[in-house]
Amino acid sequence: MLEEVERWLDRRSWSVADRPLERILAAKRNTKVSVVLPALNEEATVGDIVAVIRRELMSEAVPLVDELVVIDSGSTDRTAEVAAAAGARVVARDAVLPRIPAVPGKGEVLWRSLMVTTGDVVCFIDADLRDFSADFVSGIVGPLLTDPDVDFVKAMYDRPFGDTPGQGGRVTELVARPLLNLHWPQLAGFVQPLGGEYAARRSLLEQLPFPVGYGVELGLLVDALHTVGLDALAQVDVGVRKHRHQDGLALGRMAAAIYRTAQLRLSRGHLVRPRLTQFERGEKGFEPRTYAVDTEERPPMAEIVEYARRRVA
(Lines give C-alpha, C1' and ligand atoms only; values in the text may rest on other atoms or scores of the structure.)
Protein backbone atom coordinates (compact mmCIF):
# COMPACT_ATOMS: atom_id res chain seq x y z
CA MET A 1 0.00 0.00 0.00
CA LEU A 2 1.20 3.50 -0.80
CA GLU A 3 2.44 5.52 2.15
CA GLU A 4 -0.03 8.20 1.06
CA VAL A 5 -2.87 5.72 1.50
CA GLU A 6 -1.62 4.59 4.91
CA ARG A 7 -1.66 8.21 6.05
CA TRP A 8 -5.11 8.64 4.53
CA LEU A 9 -6.42 5.64 6.45
CA ASP A 10 -5.28 7.26 9.69
CA ARG A 11 -6.79 10.66 8.81
CA ARG A 12 -9.89 9.86 6.80
CA SER A 13 -11.26 6.53 8.09
CA TRP A 14 -13.61 6.85 11.03
CA SER A 15 -16.26 5.02 13.01
CA VAL A 16 -19.82 6.26 13.31
CA ALA A 17 -19.16 6.59 17.06
CA ASP A 18 -16.51 9.25 16.39
CA ARG A 19 -19.23 11.83 15.71
CA PRO A 20 -22.16 11.80 18.13
CA LEU A 21 -25.41 13.16 16.73
CA GLU A 22 -25.16 16.18 19.01
CA ARG A 23 -21.88 17.21 17.40
CA ILE A 24 -23.22 16.66 13.89
CA LEU A 25 -26.37 18.69 14.56
CA ALA A 26 -24.35 21.52 16.10
CA ALA A 27 -22.21 21.68 12.95
CA LYS A 28 -25.15 21.48 10.53
CA ARG A 29 -26.28 25.11 10.86
CA ASN A 30 -27.95 26.08 7.56
CA THR A 31 -26.64 23.15 5.51
CA LYS A 32 -29.50 21.25 3.89
CA VAL A 33 -29.26 17.44 3.74
CA SER A 34 -31.11 15.33 1.16
CA VAL A 35 -31.37 11.54 1.35
CA VAL A 36 -32.11 9.67 -1.88
CA LEU A 37 -33.22 6.04 -2.15
CA PRO A 38 -33.08 4.63 -5.70
CA ALA A 39 -35.69 1.88 -5.79
CA LEU A 40 -36.82 -0.83 -8.18
CA ASN A 41 -39.27 -3.39 -6.80
CA GLU A 42 -38.22 -2.96 -3.18
CA GLU A 43 -41.62 -3.01 -1.44
CA ALA A 44 -40.32 -5.46 1.17
CA THR A 45 -37.65 -3.11 2.56
CA VAL A 46 -38.09 0.48 1.38
CA GLY A 47 -40.86 1.31 3.87
CA ASP A 48 -38.79 0.27 6.89
CA ILE A 49 -35.81 2.33 5.72
CA VAL A 50 -37.96 5.42 5.17
CA ALA A 51 -39.65 4.96 8.55
CA VAL A 52 -36.33 4.72 10.41
CA ILE A 53 -34.95 7.85 8.75
CA ARG A 54 -38.11 9.84 9.45
CA ARG A 55 -38.35 8.68 13.04
CA GLU A 56 -34.69 9.02 14.02
CA LEU A 57 -33.29 11.76 11.78
CA MET A 58 -36.23 13.98 10.80
CA SER A 59 -37.82 14.69 14.17
CA GLU A 60 -38.00 18.02 15.97
CA ALA A 61 -35.37 16.72 18.37
CA VAL A 62 -33.04 15.41 15.63
CA PRO A 63 -33.54 17.51 12.46
CA LEU A 64 -30.58 16.11 10.54
CA VAL A 65 -32.31 15.18 7.27
CA ASP A 66 -34.28 17.91 5.51
CA GLU A 67 -35.46 15.98 2.46
CA LEU A 68 -36.16 12.27 1.92
CA VAL A 69 -36.85 11.23 -1.67
CA VAL A 70 -37.44 7.80 -3.18
CA ILE A 71 -36.81 7.71 -6.92
CA ASP A 72 -38.91 4.88 -8.33
CA SER A 73 -37.17 3.32 -11.31
CA GLY A 74 -40.27 1.78 -12.90
CA SER A 75 -41.29 -0.65 -10.16
CA THR A 76 -44.04 -3.15 -10.91
CA ASP A 77 -44.76 -3.86 -7.25
CA ARG A 78 -45.98 -1.55 -4.44
CA THR A 79 -42.63 0.19 -3.91
CA ALA A 80 -43.98 3.69 -4.57
CA GLU A 81 -47.10 3.17 -2.45
CA VAL A 82 -45.17 1.71 0.49
CA ALA A 83 -42.51 4.45 0.38
CA ALA A 84 -45.11 7.22 0.28
CA ALA A 85 -47.08 5.69 3.14
CA ALA A 86 -43.90 5.58 5.23
CA GLY A 87 -43.35 9.30 4.67
CA ALA A 88 -41.04 9.69 1.68
CA ARG A 89 -41.58 11.95 -1.29
CA VAL A 90 -41.78 9.56 -4.22
CA VAL A 91 -40.70 10.69 -7.68
CA ALA A 92 -40.97 8.55 -10.80
CA ARG A 93 -37.73 8.32 -12.73
CA ASP A 94 -39.40 9.07 -16.06
CA ALA A 95 -40.96 12.26 -14.72
CA VAL A 96 -37.52 13.80 -14.17
CA LEU A 97 -35.93 15.55 -17.17
CA PRO A 98 -38.51 14.12 -19.61
CA ARG A 99 -36.63 15.78 -22.48
CA ILE A 100 -33.95 13.10 -22.06
CA PRO A 101 -35.40 9.58 -22.46
CA ALA A 102 -34.54 7.45 -19.45
CA VAL A 103 -32.54 4.24 -19.71
CA PRO A 104 -32.52 1.39 -17.18
CA GLY A 105 -29.88 1.52 -14.50
CA LYS A 106 -29.12 2.66 -10.99
CA GLY A 107 -26.72 5.39 -12.11
CA GLU A 108 -29.45 6.89 -14.27
CA VAL A 109 -31.67 7.26 -11.21
CA LEU A 110 -28.93 8.77 -9.06
CA TRP A 111 -28.08 11.30 -11.78
CA ARG A 112 -31.72 12.37 -12.17
CA SER A 113 -32.10 12.70 -8.42
CA LEU A 114 -29.94 15.82 -8.50
CA MET A 115 -32.73 17.53 -10.45
CA VAL A 116 -35.41 16.87 -7.84
CA THR A 117 -33.45 17.42 -4.62
CA THR A 118 -32.14 20.64 -3.16
CA GLY A 119 -29.73 19.58 -0.42
CA ASP A 120 -26.21 20.98 -0.17
CA VAL A 121 -25.28 17.45 0.90
CA VAL A 122 -26.80 14.50 -0.96
CA CYS A 123 -26.80 11.06 0.66
CA PHE A 124 -27.53 7.91 -1.37
CA ILE A 125 -28.89 4.81 0.38
CA ASP A 126 -29.80 1.53 -1.35
CA ALA A 127 -33.43 0.56 -0.88
CA ASP A 128 -32.87 -3.19 -0.34
CA LEU A 129 -31.20 -2.99 3.09
CA ARG A 130 -32.55 -5.14 5.91
CA ASP A 131 -32.27 -4.32 9.64
CA PHE A 132 -31.53 -0.75 8.59
CA SER A 133 -29.86 1.61 11.05
CA ALA A 134 -29.94 5.40 10.94
CA ASP A 135 -26.17 5.21 11.47
CA PHE A 136 -25.87 4.57 7.73
CA VAL A 137 -27.05 8.14 7.13
CA SER A 138 -25.62 10.03 10.09
CA GLY A 139 -22.31 8.20 9.76
CA ILE A 140 -21.58 9.32 6.22
CA VAL A 141 -23.22 12.73 6.44
CA GLY A 142 -21.37 13.61 9.64
CA PRO A 143 -17.90 14.27 8.18
CA LEU A 144 -19.37 16.54 5.50
CA LEU A 145 -20.97 18.69 8.17
CA THR A 146 -18.07 18.75 10.65
CA ASP A 147 -15.08 18.91 8.27
CA PRO A 148 -15.15 21.47 5.44
CA ASP A 149 -12.21 19.74 3.73
CA VAL A 150 -14.18 16.53 3.11
CA ASP A 151 -16.31 16.33 -0.05
CA PHE A 152 -17.17 12.64 -0.51
CA VAL A 153 -17.79 9.93 2.11
CA LYS A 154 -18.45 6.23 1.65
CA ALA A 155 -19.84 3.82 4.22
CA MET A 156 -17.80 0.77 5.11
CA TYR A 157 -19.24 -2.30 6.81
CA ASP A 158 -19.20 -6.06 7.11
CA ARG A 159 -21.18 -7.84 4.39
CA PRO A 160 -22.27 -11.32 5.48
CA PHE A 161 -23.31 -13.81 2.80
CA GLY A 162 -26.19 -15.70 4.37
CA ASP A 163 -24.86 -16.91 7.72
CA THR A 164 -21.24 -16.58 6.64
CA PRO A 165 -19.55 -13.38 7.82
CA GLY A 166 -17.33 -11.38 5.51
CA GLN A 167 -18.18 -13.18 2.27
CA GLY A 168 -20.45 -10.56 0.65
CA GLY A 169 -19.18 -8.17 -1.97
CA ARG A 170 -18.00 -10.79 -4.45
CA VAL A 171 -17.73 -8.35 -7.36
CA THR A 172 -15.78 -5.99 -5.12
CA GLU A 173 -13.16 -8.61 -4.32
CA LEU A 174 -12.94 -10.21 -7.76
CA VAL A 175 -13.17 -7.13 -9.98
CA ALA A 176 -13.27 -3.72 -8.36
CA ARG A 177 -10.51 -4.11 -5.78
CA PRO A 178 -7.97 -5.53 -8.24
CA LEU A 179 -8.79 -2.74 -10.73
CA LEU A 180 -8.38 -0.02 -8.13
CA ASN A 181 -5.17 -1.44 -6.69
CA LEU A 182 -3.61 -1.81 -10.13
CA HIS A 183 -4.79 1.41 -11.77
CA TRP A 184 -5.84 3.80 -8.99
CA PRO A 185 -3.71 2.71 -6.01
CA GLN A 186 -4.66 5.88 -4.14
CA LEU A 187 -8.12 4.34 -3.74
CA ALA A 188 -6.84 1.03 -2.36
CA GLY A 189 -7.83 2.05 1.17
CA PHE A 190 -11.56 1.99 0.51
CA VAL A 191 -13.13 -1.01 2.23
CA GLN A 192 -16.37 -0.93 0.20
CA PRO A 193 -15.63 0.89 -3.07
CA LEU A 194 -18.83 -0.43 -4.69
CA GLY A 195 -21.08 0.15 -1.70
CA GLY A 196 -24.32 1.97 -2.45
CA GLU A 197 -24.26 4.11 0.69
CA TYR A 198 -22.32 7.33 0.27
CA ALA A 199 -22.77 11.06 0.64
CA ALA A 200 -21.20 14.02 -1.12
CA ARG A 201 -21.47 17.74 -1.52
CA ARG A 202 -23.78 18.75 -4.33
CA SER A 203 -21.05 21.08 -5.59
CA LEU A 204 -18.97 17.98 -6.35
CA LEU A 205 -21.71 15.67 -7.64
CA GLU A 206 -22.92 18.19 -10.19
CA GLN A 207 -19.44 18.23 -11.77
CA LEU A 208 -19.21 14.45 -12.27
CA PRO A 209 -20.44 12.25 -15.13
CA PHE A 210 -22.68 9.38 -14.00
CA PRO A 211 -22.39 5.93 -15.60
CA VAL A 212 -26.00 4.90 -16.03
CA GLY A 213 -25.68 1.36 -14.73
CA TYR A 214 -23.70 -0.79 -12.30
CA GLY A 215 -20.49 1.15 -12.91
CA VAL A 216 -21.77 4.28 -11.18
CA GLU A 217 -20.09 3.67 -7.81
CA LEU A 218 -16.64 2.99 -9.26
CA GLY A 219 -17.00 5.83 -11.76
CA LEU A 220 -17.97 8.41 -9.13
CA LEU A 221 -15.18 7.31 -6.81
CA VAL A 222 -12.47 7.52 -9.49
CA ASP A 223 -13.76 10.82 -10.85
CA ALA A 224 -14.04 12.31 -7.36
CA LEU A 225 -10.40 11.40 -6.76
CA HIS A 226 -9.35 13.22 -9.92
CA THR A 227 -11.61 16.20 -9.19
CA VAL A 228 -10.92 16.94 -5.52
CA GLY A 229 -8.02 14.68 -4.52
CA LEU A 230 -7.64 11.84 -2.05
CA ASP A 231 -7.68 13.97 1.10
CA ALA A 232 -11.21 15.19 0.28
CA LEU A 233 -12.46 11.57 0.30
CA ALA A 234 -13.29 9.60 3.43
CA GLN A 235 -15.02 6.49 4.77
CA VAL A 236 -16.96 5.68 7.94
CA ASP A 237 -17.55 2.29 9.59
CA VAL A 238 -21.29 1.89 10.17
CA GLY A 239 -21.36 -1.77 11.24
CA VAL A 240 -23.07 -4.50 9.22
CA ARG A 241 -24.92 -4.30 5.92
CA LYS A 242 -27.61 -6.90 5.19
CA HIS A 243 -29.31 -6.92 1.82
CA ARG A 244 -30.59 -9.11 -0.97
CA HIS A 245 -27.82 -10.94 -2.84
CA GLN A 246 -27.90 -11.33 -6.59
CA ASP A 247 -27.25 -14.53 -8.48
CA GLY A 248 -24.03 -15.31 -10.32
CA LEU A 249 -25.31 -14.28 -13.74
CA ALA A 250 -26.37 -10.85 -12.49
CA LEU A 251 -22.98 -10.47 -10.82
CA GLY A 252 -21.32 -11.27 -14.13
CA ARG A 253 -23.20 -8.44 -15.81
CA MET A 254 -22.28 -6.14 -12.96
CA ALA A 255 -18.62 -7.08 -13.29
CA ALA A 256 -18.63 -6.40 -17.02
CA ALA A 257 -20.17 -2.95 -16.52
CA ILE A 258 -17.63 -2.10 -13.84
CA TYR A 259 -14.74 -3.21 -16.04
CA ARG A 260 -16.10 -1.10 -18.89
CA THR A 261 -16.41 1.92 -16.59
CA ALA A 262 -12.80 1.45 -15.53
CA GLN A 263 -11.67 1.04 -19.13
CA LEU A 264 -13.31 4.30 -20.17
CA ARG A 265 -11.51 6.12 -17.40
CA LEU A 266 -8.18 4.54 -18.22
CA SER A 267 -8.09 5.34 -21.88
CA ARG A 268 -11.47 6.64 -23.10
CA GLY A 269 -10.79 3.97 -25.68
CA HIS A 270 -13.13 1.96 -27.85
CA LEU A 271 -14.39 -1.39 -26.66
CA VAL A 272 -14.73 -3.57 -29.77
CA ARG A 273 -17.72 -5.50 -28.51
CA PRO A 274 -19.53 -4.12 -25.44
CA ARG A 275 -21.50 -7.33 -24.94
CA LEU A 276 -21.38 -10.17 -22.42
CA THR A 277 -22.52 -13.69 -23.26
CA GLN A 278 -23.51 -15.98 -20.39
CA PHE A 279 -24.98 -19.47 -20.36
CA GLU A 280 -28.12 -20.87 -18.74
CA ARG A 281 -29.34 -24.44 -18.93
CA GLY A 282 -32.51 -24.76 -20.98
CA GLU A 283 -34.53 -27.53 -22.57
CA LYS A 284 -31.80 -28.14 -25.18
CA GLY A 285 -28.81 -27.87 -22.86
CA PHE A 286 -26.79 -24.75 -22.18
CA GLU A 287 -28.23 -21.80 -24.04
CA PRO A 288 -26.36 -18.53 -24.62
CA ARG A 289 -27.79 -15.26 -23.34
CA THR A 290 -26.11 -12.09 -24.54
CA TYR A 291 -26.48 -8.80 -22.73
CA ALA A 292 -25.36 -5.30 -23.58
CA VAL A 293 -22.74 -3.92 -21.20
CA ASP A 294 -23.66 -0.49 -19.85
CA THR A 295 -21.57 1.97 -21.82
CA GLU A 296 -23.65 5.13 -21.65
CA GLU A 297 -22.85 7.92 -19.22
CA ARG A 298 -24.78 11.03 -18.29
CA PRO A 299 -22.85 14.32 -18.44
CA PRO A 300 -22.19 16.39 -15.33
CA MET A 301 -25.52 17.79 -14.13
CA ALA A 302 -24.04 21.29 -14.20
CA GLU A 303 -24.11 21.04 -18.02
CA ILE A 304 -27.86 20.36 -18.17
CA VAL A 305 -29.89 23.42 -19.19
CA GLU A 306 -32.84 22.66 -16.91
CA TYR A 307 -30.55 22.28 -13.91
CA ALA A 308 -28.80 25.58 -14.64
CA ARG A 309 -32.16 27.33 -14.97
CA ARG A 310 -33.32 25.92 -11.65
CA ARG A 311 -30.23 27.24 -9.90
CA VAL A 312 -30.73 30.71 -11.36
CA ALA A 313 -34.36 30.70 -10.29
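All values below come from the heavy atoms of this structure, side chains included, with hydrogens, waters and symmetry mates left out. The first residue of the sequence shown is numbered 1, and numbering continues consecutively from there.
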Has [X] got a side-chain atom pairing as donor or acceptor with [Y]'s backbone, closer than 3.5 angstrom?
X: T227; Y: A224; value: no
X: E297; Y: P211; value: no
X: R202; Y: G119; value: yes
X: K106; Y: V216; value: no
X: W111; Y: P299; value: yes
X: R177; Y: F190; value: yes
X: W14; Y: D237; value: no
X: Q207; Y: S203; value: yes
X: D72; Y: A92; value: no

So [Y] and [X], do their side chains get closer than 4.5 Å, heavy atoms only?
X: V212; Y: E296; value: yes
X: V228; Y: F152; value: no
X: F210; Y: L205; value: yes
X: E4; Y: L230; value: yes
X: V222; Y: L180; value: yes
X: H183; Y: L266; value: yes
X: R253; Y: I258; value: no
X: F124; Y: L37; value: no

Carboxylate-amine/guanidinium contact [X] [Y], below 4.0 Å:
X: E306; Y: R310; answer: no
X: D147; Y: R12; answer: yes
X: D158; Y: R241; answer: no
X: D120; Y: R201; answer: no

For the atom pair [atom1] ([X]) and [atom2] ([Y]), what is the distance rounded to the nearest 0.5 Å?
X: E56; Y: D135; atom1: CD; atom2: CG; value: 8.0 Å
X: H226; Y: R265; atom1: NE2; atom2: CZ; value: 9.0 Å
X: I140; Y: E197; atom1: CD1; atom2: CD; value: 7.0 Å
X: L144; Y: T31; atom1: CG; atom2: OG1; value: 9.5 Å
X: D131; Y: D48; atom1: CG; atom2: CG; value: 9.0 Å
X: L187; Y: N181; atom1: CG; atom2: CG; value: 9.5 Å

[X] and [Y]: same hydrophobic cluster, using ILVMFWY side-chain contacts below 4.5 Å?
X: V240; Y: I49; answer: no
X: V96; Y: I100; answer: yes
X: W184; Y: L174; answer: yes
X: M156; Y: V16; answer: no
X: V191; Y: V5; answer: no

Going through the distances and angles, do T79 and E42 end up as a side chain to side chain donor-acceptor pair (under 3.5 Å)?
CA-CA 5 Å; T79 291; E42 302 294 356; over 6 Å; no

Heavy-atom pair with the smallest gap, counting every atom of [X] and [Y]:
X: P38; Y: A127; result: O-CB, 3.4 Å
X: A102; Y: D94; result: CB-OD1, 3.4 Å
X: L2; Y: P185; result: CD1-CB, 3.8 Å
X: R112; Y: L97; result: NH1-O, 3.2 Å
X: E60; Y: P63; result: O-CD, 3.7 Å
X: P193; Y: L221; result: CB-CD2, 3.9 Å

List the steps and the verdict of side-chain contact (heavy atoms from CB on, under 4.5 Å) for D151 and L233.
CA-CA 6 Å; D151 290 326; L233 314 183; 5.7 Å; no

Without hydrogens or angle criteria, can the side chains of [X] and [Y] be said to hold a donor-acceptor pair below 3.5 Å?
X: E67; Y: T117; value: no
X: Y307; Y: E206; value: yes
X: E217; Y: Y198; value: yes
X: T45; Y: R130; value: no
X: R93; Y: S73; value: yes

Verify side-chain contact (heavy atoms from CB on, under 4.5 Å) between V236 and S15, making sure each step is shown before the conclusion.
CA-CA 5 Å; V236 176; S15 166; 5.8 Å; no

Qualifying residue, where the test is salt bridge (Lys or Arg N to Asp or Glu O under 4.0 Å) with D66 and the options are K32, K28, R89
K28

Checking V153 against V141 for the side-chain contact (heavy atoms from CB on, under 4.5 Å) test, could you report, in this order, the C-alpha distance in whole Å, the side-chain angles of both residues, the deciding distance, and whether it holds?
CA-CA 7 Å; V153 184; V141 167; over 6 Å; no

Could you go through the side-chain contact (heavy atoms from CB on, under 4.5 Å) check for V171 and L194 one step at a time?
CA-CA 8 Å; V171 175; L194 299 185; 3.9 Å; yes

